[in-house]
Amino acid sequence: MQQWETESPAQTRAIGKDFAKTLSPGAVVALTGDLGCGKTAFVQGVMEYFGDSAQVVSPTFTLVNEYDGTLPVYHFDVYRLENPLPEQCDWMDDYLFGDGVCLIEWAENVRAVLPKDTIWIRFAKNPARGEDYREITQC
């Protein structure tokens, strides 16, 4: 288990960029945590490593954004999906078992369809430590 502490969105992006160095084609990363915990900032950091982070926004209504870079990156936001059956998510298979990197916000909502080797990262706020303080834990 690895843990990071951040005190700004810029630090969260930097952790995402550094973490991206460990990813290879086919990696699936599940991002969990409340609204505003830094999941999208982390993805922006990953995209800084693989290409251009300026285009990164949370795909809440489109479910997935595809980013081109040195590796394809597929950024999911499955907030609106609630424990679907695996056959209801077969559209995700090309992404999950492809040659790119998948980053999935609200991944706990689709836990049943994720590969066994999914990397889980939890984001948490701690208001007692400051408004922008975040604990990021790779489980």
Side-chain angles (χ1 to χ4, degrees):
M1 180 167 76
Q2 186 165 2
Q3 186 169 5
W4 303 270
E5 296 179 3
T6 70
E7 294 180 351
S8 71
Q11 287 179 342
T12 300
R13 285 190 300 275
I15 289 169
K17 184 176 182 178
D18 192 51
F19 177 78
K21 297 173 187 174
T22 69
L23 300 175
S24 57
V28 177
V29 182
L31 308 173
T32 68
D34 291 335
L35 287 169
C37 276
K39 297 180 296 288
T40 301
F42 184 87
V43 173
Q44 289 170 340
V46 170
M47 278 309 300
E48 281 182 34
Y49 179 77
F50 287 118
D52 180 13
S53 65
Q55 62 185 339
V56 174
V57 294
S58 188
T60 303
F61 296 103
T62 59
L63 293 178
V64 63
N65 288 336
E66 298 181 23
Y67 306 122
D68 293 322
T70 55
L71 264 179
V73 175
Y74 308 115
H75 178 200
F76 293 82
D77 183 328
V78 294
Y79 178 77
R80 297 181 306 126
L81 301 180
E82 292 186 32
N83 299 313
L85 298 171
E87 58 270 13
Q88 293 172 307
C89 291
D90 59 358
W91 61 272
M92 293 177 73
D93 287 353
D94 289 340
Y95 297 105
L96 297 174
F97 303 103
D99 293 330
V101 170
C102 293
L103 302 162
I104 306 170
E105 295 189 38
W106 301 97
E108 64 274 18
N109 289 356
V110 294
R111 182 182 298 270
V113 303
L114 298 179
K116 287 182 173 51
D117 60 350
T118 297
I119 301 164
W120 288 85
I121 299 180
R122 184 181 67 239
F123 294 75
K125 298 177 186 179
N126 185 341
R129 303 270 315 259
E131 183 178 324
D132 291 326
Y133 178 85
R134 302 292 186 265
E135 293 173 356
I136 303 170
T137 307
Q138 181 178 343
C139 309

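All values below come from the heavy atoms of this structure, side chains included, with hydrogens, waters and symmetry mates left out. Computed from a prediction, not measured in an experiment: that's the story for all the values here.
Taking both residues in full, the closest heavy atoms of F76 and C102 are given as CE1-SG, 4.0 Å, listed atom of the first, atom of the second, then distance. Closest heavy-atom contact between A30 and A107: CB-CB, 3.3 Å. What you find for L23 and A27 is that their closest heavy atoms are CD2-CB, 3.9 Å. The two residues T12 and G38 have their closest heavy-atom pair at CG2-O, 3.5 Å.
D94 contributes atom CG, which lies 11.0 Å from atom CG of D99 (distance to the nearest 0.5 angstrom). Rounding to the nearest 0.5 Å places NZ of K39 at 13.0 Å from CG of L103. L114 contributes atom CG, which lies 5.0 Å from atom CD1 of I104 (distance to the nearest 0.5 angstrom). Expressed to the nearest 0.5 Å, how far CD1 of I119 lies from CD of Q2 amounts to 11.0 Å. Between atom CG of residue N65 and atom CG of residue D77 there is a gap of 9.0 Å, rounded to the nearest 0.5 Å.
With sequence neighbours excluded, no residue forms a side-chain hydrogen bond (donor to acceptor under 3.5 Å, both in side chains) with Y74. The side-chain contact (heavy atoms from CB on, under 4.5 Å) check on T32 picks up E108, W120, R122, with sequence neighbours excluded. With sequence neighbours excluded, the residues forming a side-chain contact (heavy atoms from CB on, under 4.5 Å) with Q3 are E135, T137, listed by chain and number. Scored by the ring pair (Phe, Tyr, Trp, His ring centres under 6.0 Å) test, F50 finds no partners at all (sequence neighbours excluded). Partners of E7 according to the salt bridge (charged side-chain N to carboxylate O under 4.0 Å, His left out) rule, which considers only residues two or more places apart in sequence or in another chain, do not exist here. Residues passing the side-chain hydrogen bond (donor to acceptor under 3.5 Å, both in side chains) test with Q138: none are found, sequence neighbours excluded. Qualifying side-chain contact (heavy atoms from CB on, under 4.5 Å) partners for A10, counting only residues two or more places apart in sequence or in other chains: S8, R13. Taking F97 as the reference, D93, P115 meet the side-chain contact (heavy atoms from CB on, under 4.5 Å) condition, with sequence neighbours excluded.
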Exercise for review: In sequence, state the C-alpha distance, the side-chain angles, and the governing distance for T40 and V56, and then conclude on side chain to side chain contact (heavy atoms under 4.5 Å, CB included).
Suggested key: CA-CA 8 Å; T40 301; V56 174; 4.3 Å; yes
Check your understanding: Can R129 and E5 be said to form a side chain to side chain contact (heavy atoms under 4.5 Å, CB included), step by step?
Key -> CA-CA 10 Å; R129 303 270 315 259; E5 296 179 3; 3.5 Å; yes
Review point. Where do W4 and Q11 land on the side chain to side chain contact (heavy atoms under 4.5 Å, CB included) test, with the steps shown first?
Key: CA-CA 10 Å; W4 303 270; Q11 287 179 342; over 6 Å; no
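The stretch residues 7-28 participates, sequence neighbours left out, in these ring pair (Phe, Tyr, Trp, His ring centres under 6.0 Å) pairs: F19-F42. Screening residues 14-27 for salt bridge (charged side-chain N to carboxylate O under 4.0 Å, His left out) gives D18-K21 as the qualifying pairs, with residues at least two apart or on separate chains.
Residues E105 and Y79 have side chains that never bring a donor and an acceptor to within less than 3.5 angstrom of each other.
Hydrophobic clustering, with ILVMFWY side chains joined whenever heavy atoms are under 4.5 angstrom apart, groups V64 together with V113. In the hydrophobic cluster analysis, where Ile, Leu, Val, Met, Phe, Trp and Tyr join through side-chain heavy atoms closer than 4.5 angstrom, Y133 is grouped apart from I121.
Of the possible polar contacts, one joining the K125 side chain to the L35 backbone as a donor-acceptor pair under 3.5 Å is found.
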